[in-house]
Peer 1: 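I have a structure here, written as structure tokens, and I will follow up with some questions on it.
Quick caveat, the model's predicted, so the values are computed rather than measured. The chain is numbered in sequence order, starting from 1. Values below: every heavy atom of this structure, side chains too, minus hydrogens, waters and symmetry copies.
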Amino acid sequence: MEAASKVEEPLDLVRLSLDERVVVKMRGERELVGRLHAYDQHLNMVLGEVEETITTMEVDEETFEELIKTEKREIPMLFVRGDGVILVSPPLRGGGY
């Protein structure tokens, strides 16, 4: 196996995603999809061409129906602090990311 693509530690999987689009799930029902430019051992990351999706749930006071709302925004460059990261994944192939 080639040394550059060898996986020995968990962060090696993140290293293999450098300059690729990744999905980052964050605390607070936030999801980021963007190009991974840099990261460190704390999972602080610099992402470019980011689409942020925030999902919120509200309860209608009259009908008690749960309303799920999603907000999306595009961010050219974003620094992500690692302590808010839950999951980092390459996007699903053919998944629209």
Side-chain angles (χ1 to χ4, degrees):
M1 182 177 266
E2 189 178 306
S5 63
K6 192 171 183 182
V7 175
E8 294 180 351
E9 299 178 10
L11 285 178
D12 290 342
L13 290 170
V14 178
R15 178 181 47 81
L16 293 173
S17 296
L18 275 172
D19 294 322
E20 300 286 334
R21 292 188 63 76
V22 294
V23 177
V24 181
K25 290 198 182 271
M26 305 288 296
R27 293 181 186 178
E29 300 300 322
R30 293 175 60 200
E31 183 176 291
L32 307 170
V33 178
R35 188 165 306 282
L36 179 63
H37 290 289
Y39 72 97
D40 66 11
Q41 70 273 17
H42 304 290
L43 279 183
N44 295 319
M45 291 180 269
V46 176
L47 299 175
E49 306 164 19
V50 181
E51 180 179 87
E52 176 186 41
T53 304
I54 302 171
T55 304
T56 57
M57 185 186 71
E58 297 176 2
V59 176
D60 186 304
E61 293 180 11
E62 293 177 9
T63 64
F64 299 104
E65 182 179 350
E66 293 180 353
L67 306 171
I68 297 174
K69 295 182 181 180
T70 58
E71 294 179 47
K72 291 187 180 216
R73 67 178 178 159
E74 305 223 350
I75 306 166
M77 189 67 67
L78 182 67
F79 174 84
V80 179
R81 186 170 164 165
D83 67 348
V85 173
I86 296 172
L87 175 137
V88 179
S89 172
L92 297 174
R93 301 291 178 218
Y97 291 120

Peer 1: Are L78 and V33 connected in a single hydrophobic cluster, I mean Ile/Leu/Val/Met/Phe/Trp/Tyr linked by side-chain heavy atoms less than 4.5 Å apart?
Peer 2: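 No, it is not one cluster - the side chains of V33 and L78 are not joined through contacts under 4.5 Å.
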
Peer 1: Which value, rounded to the nearest 0.5 Å, describes the distance between L36 atom CG and L47 atom CG?
Peer 2: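 Separation between the atoms: 6.0 Å.
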
Peer 1: To the nearest 0.5 Å, what is the distance between NE2 (H37) and CE (M77)?
Peer 2: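 The CE atom of M77 is 4.0 Å from NE2 of H37, to the nearest 0.5 Å.
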
Peer 1: Test of understanding: clusters of I, L, V, M, F, W, Y form through side-chain heavy atoms closer than 4.5 Å, transitively. Do V24 and V46 belong to the same one?
Peer 2: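 Result: no, two separate clusters.
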
Peer 1: Tell me whether V80 is reachable from I86 by hopping between hydrophobic residues (I, L, V, M, F, W, Y) whose side-chain heavy atoms are closer than 4.5 Å.
Peer 2: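 Shared cluster, no.
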
Peer 1: Just how far is it from atom CD of E58 to atom CD1 of I68, taken to the nearest 0.5 Å?
Peer 2: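 One gets 11.0 Å once the value is rounded to the nearest 0.5 Å.
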
Peer 1: I would like to know whether V23 and E31 meet side-chain contact (heavy atoms from CB on, under 4.5 Å); could you show each step before the answer?
Peer 2: CA-CA 7 Å; V23 177; E31 183 176 291; 4.0 Å; yes

Peer 1: Which heavy atom in L11 sits nearest to a heavy atom in Y39, and how many Å separate them?
Peer 2: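 Heavy atoms only, the tightest pair is O-OH, 3.6 Å.
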
Peer 1: When hydrophobic residues are tied together by side-chain contacts of less than 4.5 Å, even through go-betweens, does L13 share a cluster with M45?
Peer 2: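 Not linked; separate clusters.
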
Peer 1: Main chain of I54, side chain of R30: is a donor-acceptor contact present, judged purely on distance under 3.5 Å?
Peer 2: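 Checking the backbone N and O of I54 against the side chain of R30, no donor-acceptor pair under 3.5 Å is found.
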
Peer 1: How far does CG of D83 sit from CG of L43, to the nearest 0.5 angstrom?
Peer 2: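 Between D83 CG and L43 CG, I get 10.5 Å after rounding to 0.5 Å.
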
Peer 1: Report the distance from atom CD of E66 to atom CE of M57, rounding to the nearest 0.5 Å.
Peer 2: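 These two atoms lie 4.5 Å from each other.
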
Peer 1: For D12 and E8, indicate whether the former's side chain and the latter's backbone hold a donor-acceptor pair under 3.5 Å.
Peer 2: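 Between the backbone of E8 and the side chain of D12 there is a qualifying donor-acceptor contact (under 3.5 Å).
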
Peer 1: Identify the two heavy atoms, one from T53 and one from T70, that lie closest to each other, and give their separation to 0.1 Å.
Peer 2: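 That closest heavy-atom pairing would be CG2-CB, 4.4 Å.
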
Peer 1: Is the backbone of V7 close enough, under 3.5 Å, to the side chain of R15 for a donor and an acceptor to pair up by distance?
Peer 2: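 No; judged by distance alone, with no hydrogens or angles, the pair does not exist.
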
Peer 1: Could you check R21, R73, K72 and say which one makes a salt bridge (charged side-chain N to carboxylate O under 4.0 Å, His left out) with E51?
Peer 2: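 With E51 as partner, salt bridge (charged side-chain N to carboxylate O under 4.0 Å, His left out) holds for just one option, K72.
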
Peer 1: Which heavy-atom pair separates E62 from D60 by the least distance, and what is that distance?
Peer 2: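 For E62 versus D60, the nearest heavy atoms are N-OD1, 2.7 Å.
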
Peer 1: Taking all non-hydrogen atoms of both residues into account, name the closest pair between E52 and I75 and its distance.
Peer 2: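 Nearest heavy atoms, E52 then I75: OE1-CD1, 4.1 Å.
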
Peer 1: Please answer: with hydrophobic residues joined when any side-chain heavy atoms are less than 4.5 Å apart, are V14 and V50 in the same cluster?
Peer 2: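 Yes; V50 is reachable from V14 via cluster members.
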
